[in-house]
> 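Pasting in a structure now, in structure tokens, and then I'll have a few things to ask.
Counting convention: from 1, in listed order, for ligands and their atoms alike.
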Amino acid sequence: MRAERNDHNSPDRHSIRCGNEDDRPDEHEQGETGTLVREKTKTKRPSLYKVLLLNDDYTPQEFVVWLLQSVFNRSPEDAMRIMLHVHENGVGICGVYTFEVAETKVTQVMELSRQNQHPLQCTMEKE
Ligand code: TYC
């Protein structure tokens, strides 16, 4: 006797459920058993990028603190801590973002620095 193939939406169908699946009807029927295997949906997490601030001898500390608050949404205390870290260590992390967000923030920092005639440099680096 041939096994009944369960209705596609039946909750008791024989399927392997994975944590990461959607509701696409992406199933294989294996042989005559009627077993339905749902393939895992690949939802890859995006790569993350560190936005780095570089020290220089000319950009005013107040400007760097203001940038960290305005562009990177840092609290005044956090902005001061990051600025002093860069001042003392030569480089520091402003934040970690997906590619487009990191790229936008680097552009904003470079543009604001240029407009204010400061030599401040900002780059991004894959985590
Ligand atoms: N070193 C600068 C000064 O003493 C301050 C500064 C801090 C500049 C961080 C750039 O990314 C920077 N005026």
> Minimum heavy-atom separation for Phe63 to Ser113, with atom names?
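Minimum heavy-atom contact is CE2-OG, 3.8 Å.
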> Check ligand 1 against Thr59 and write out every atom of the ligand that is under 4.0 Å from a heavy-atom position of the residue.
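In order of number, 2 (C), 3 (C), 5 (C), 6 (C), 8 (C), 13 (N).
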> What atoms in ligand 1 come closer than 4.0 Å to a heavy atom of Leu120?
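The list of qualifying atoms is 10 (C), 11 (O), 12 (C).
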> Looking at Ile93, Val106, Leu68, which one forms a side-chain contact (heavy atoms from CB on, under 4.5 Å) with Leu53?
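Filter result, single survivor: Leu68.
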> For atom 6 (C) of ligand 1, which protein heavy atom lies nearest, and how many Å away is it?
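Atom 6 (C) of ligand 1 sits closest to the protein heavy atom Asn55 OD1, 3.4 Å.
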> Under a 4.5 Å side-chain heavy-atom rule over Ile, Leu, Val, Met, Phe, Trp and Tyr, are Met110 and Met83 clustered together?
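The answer is yes; both residues are in one hydrophobic cluster.
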> May I ask you to identify, for Asp56, whether its side chain, its backbone, both or neither come under 4.0 Å of ligand 1 on a heavy-atom basis?
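Contact part for Asp56 vs ligand 1: both backbone and side chain.
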> For atom CE of Met80, decide whether the heavy atoms of other residues, nucleotides or ligands shown that lie under 6.0 angstrom number more than 12.
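Atom CE in Met80 is not packed in, count stays at 12 or less.
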> What residue and atom, counting heavy atoms only, is the protein's closest point to atom 4 (O) of ligand 1, and at what distance?
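Atom 4 (O) of ligand 1 sits closest to the protein heavy atom His87 CE1, 3.0 Å.
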> Report, in ascending order of atom number, the atoms of ligand 1 lying under 4.0 Å from any heavy atom of Val86.
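Here the atoms of ligand 1 in question are 9 (C), 11 (O), 12 (C).
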> Please determine whether salt bridge (charged side-chain N to carboxylate O under 4.0 Å, His left out) holds for the pair Lys50 and Glu127, giving the CA-CA distance in whole Å, both sets of side-chain angles, and the decisive distance to 0.1 Å.
CA-CA 6 Å; Lys50 294 180 282 200; Glu127 269 214 318; 5.7 Å; no
> Out of curiosity, Gln121 CD to Thr59 OG1, how far, rounded to the nearest 0.5 Å?
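Rounded to the nearest 0.5 Å, the CD-OG1 separation comes to 8.5 Å.
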> Purely on distance, is any nitrogen or oxygen of Asp57 under 3.5 Å from one on ligand 1?
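Looking only at distances, the answer is no, because the N/O contact criterion of under 3.5 Å is not met.
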> Pull out every atom of ligand 1 sitting under 4.0 Å from any heavy atom of Leu54, numbered as shown with elements.
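Here the atoms of ligand 1 in question are 10 (C), 11 (O), 12 (C).
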> More than 12 heavy atoms of other residues, nucleotides or ligands under 6.0 Å from CD of Gln117: yes or no?
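Atom CD in Gln117 is not crowded, with 12 or fewer foreign heavy atoms closer than 6.0 Å.
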> Distance under 4.0 Å to a non-hydrogen atom of Leu53: what atoms of ligand 1 satisfy this?
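Listed by number with element: 11 (O).
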